[in-house]
Protein chains: 2
Amino acid sequence: MALNRYSNADKILLAVDSIIFGFDKAGLKILLIKRDFEPELGKWSLMGGFLKEDENLDEAAIRILQHLTGLRTIYMEQLYTFSKVDRDPVERTLSVAYYALIDIAMHDKELINTSAQWFSLDKAPHLIFDHNQMVEKAIARLKRRALSKPIGFELLPPKFTMRQLQKLYESILDKKLDKRNFINKINSFGILVRLDEKDTNASKKGAYLYTFDKVKYDEKVLEGFNFKI
Amino acid sequence: MALNRYSNADKILLAVDSIIFGFDKAGLKILLIKRDFEPELGKWSLMGGFLKEDENLDEAAIRILQHLTGLRTIYMEQLYTFSKVDRDPVERTLSVAYYALIDIAMHDKELINTSAQWFSLDKAPHLIFDHNQMVEKAIARLKRRALSKPIGFELLPPKFTMRQLQKLYESILDKKLDKRNFINKINSFGILVRLDEKDTNASKKGAYLYTFDKVKYDEKVLEGFNFKI
DNA sequence: CCAAAAGTGTTGAATATACACCCATGC
DNA sequence: GCATGGGTGTATATTCAACACTTTTGG
């Protein structure tokens, strides 16, 4: 009778779709790809594929992303599982959405051999199925996360300027921040180390480069951030 | 070739498991049930069952909960999808976890005809499969939610006292709060209405009853709470 | 009359916000 | 020499956190 319960149950297709947020000088972007099979062939879509019997969801998300775009060593987080009965016109398919944040310039070389393309959030095209809904949910989650802990480890290059970090927050929260208050706030956590190097890409004077102090950051995470900005 | 992509993909069993938190005078509890089929027959478990082909996850969570416990009209929220390859020893099964918060006394009469039983969080038994992990994640989520918006609509009876609301928060956050500060904070939102009635169950003097002002509450949710307590 | 829970405000500390000028450099 | 982006501090307003006594009434 054990087997009855299991064998009477319906088996269902499981997709994994990933929302990849990227950040560069111009702000926050999203990575989309032209779907290469029917239905909706040629339409814009998230990076998606099917879960295999012998892998878990995290593994599938990584495998699919790498296969479609070349991107690797990206930290992805599970977002939500979408299950509307008719969300896929071909066959009943659930989709588990994942999302990630990356530094566009840093992963530039990996991104190869594909129709994948970055879009700024306000210029993104209409997507297949319920993918637009997934993106909306991911943006909301990203905002909430940005307010509850300093993001940046995954998103910024190892060395970055205060202004880059501020721009990142401004992109995510979609509002301007005061640079003095921002710096004071960030410094009050004591999780950044100012290096002696300067970055002269964006200015003639040059801006100090910072790195995260991983040890202090982890301590802070444990005791709980109070990150309101 | 469209069909190839789909038909080559593995189909997988999908379970839905629900963590039901309940609240009464004694504090926060969790509802567990004795599993009635193999494997692990007779062990304690979350309320679980399999997703059917013609329903979405929300519907399945409600159906399964009602079937196993009699509970109905409960608002459940999706928590996370668990996918470790060997999480179920019989067959590859993913499980989408849901959670909910209810007032124990209020749903007392619905809860029938089952081996379901309330446990306080610290006295809960060991659960089957990865269900303990699910519970931990649900507790963490509940705490975070309690800090970002006033919960209570789903959890408290229509009329409640300040002390009940405070106890609820204390249970969830697992710490004592100052009653004056708590009341001041809650009142500053302007989402509660004090009734002329008093509740004399817990005291001789009697405590004012309150209800949520749904309209003001919804306004507040839109403009964004700042609920740090 | 007394035990038990309810109700009620103020103050100091901490945190958030608003705000403007000088600096260094490449062109 | 000037245009561009970088860096820096203070004063005010807001919010948080700590704290103790009086009220009511059933027994």
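Chain naming here is simple, since letters A, B, ... match the order of the sequence lines and numbering starts at 1 in each.
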In whole angstroms, the gap separating P of dG12(C) from CG of Asn181(B) amounts to 16 Å

Rounded interatomic separation in angstrom, taking OH from Tyr208(A) and P from dG6(D)
13 Å

Measure from the ring center of Phe212(B) to the ring center of Phe160(B) and say whether it is less than 6.0 Å.
yes

Of the listed nucleotides dA6(C), dG6(D), dG9(D), the one nearest the side chain of Lys179(A):
dG6(D)

Report the distance from atom NZ of Lys204(A) to atom C1' of dG1(D), rounded to the nearest whole Å.
12 Å

Please determine if a side-chain N or O atom of Arg194(B) lies less than 4.0 Å away from the OP1 or OP2 oxygen of dA6(C).
no

Would you kindly check whether a donor in the side chain of Arg180(B) faces an acceptor in the base of dA20(D), or vice versa, at under 3.5 angstrom?
yes

Expressed in angstrom and rounded to an integer, what is the separation of Gln166(B) atom CD from dA6(C) atom P?
9 Å

When the distance from NZ of Lys176(A) to P of dC19(C) is rounded to whole Å, what number comes out?
16 Å

Side chain of Lys228(B): nearest nucleotide among dG9(C), dA6(C), dC16(D)?
dC16(D)

If we check salt bridge (charged side-chain N to carboxylate O under 4.0 Å, His left out) with Asp130(B), which of these qualifies: Lys137(B), Lys84(B), Arg87(B)?
Arg87(B)

Can you find a donor-acceptor pair, distance only, under 3.5 Å between Asp178(B) side chain and dC19(D) base?
yes

Tell me the interatomic distance from Met162(A), atom CE, to dT8(D), atom C1', rounded to whole angstroms.
12 Å

May I have the distance from Asp199(B) (atom CG) to dT25(D) (atom C1'), rounded to whole angstrom?
15 Å

Over 60° means perpendicular and under 30° means parallel, so tell me whether Phe227(B) and Phe189(B) are parallel, tilted or perpendicular.
tilted

Side-chain (Tyr80(B)) to main-chain (Gln78(A)) donor-acceptor, under 3.5 angstrom
no

Look at the aromatic rings of Phe182(B) and Tyr169(B) and report parallel, tilted or perpendicular, splitting at 30° and 60°.
tilted

Donor-acceptor pair present, Lys205(B) side chain and dA6(C) base, under 3.5 Å:
yes

Whole-Å gap separating C1' (dT10(C)) and CD1 (Ile183(B))
16 Å

Taking OP1 and OP2 of dA6(C), is either one under 4.0 Å from a side-chain nitrogen or oxygen of Arg163(B)?
yes

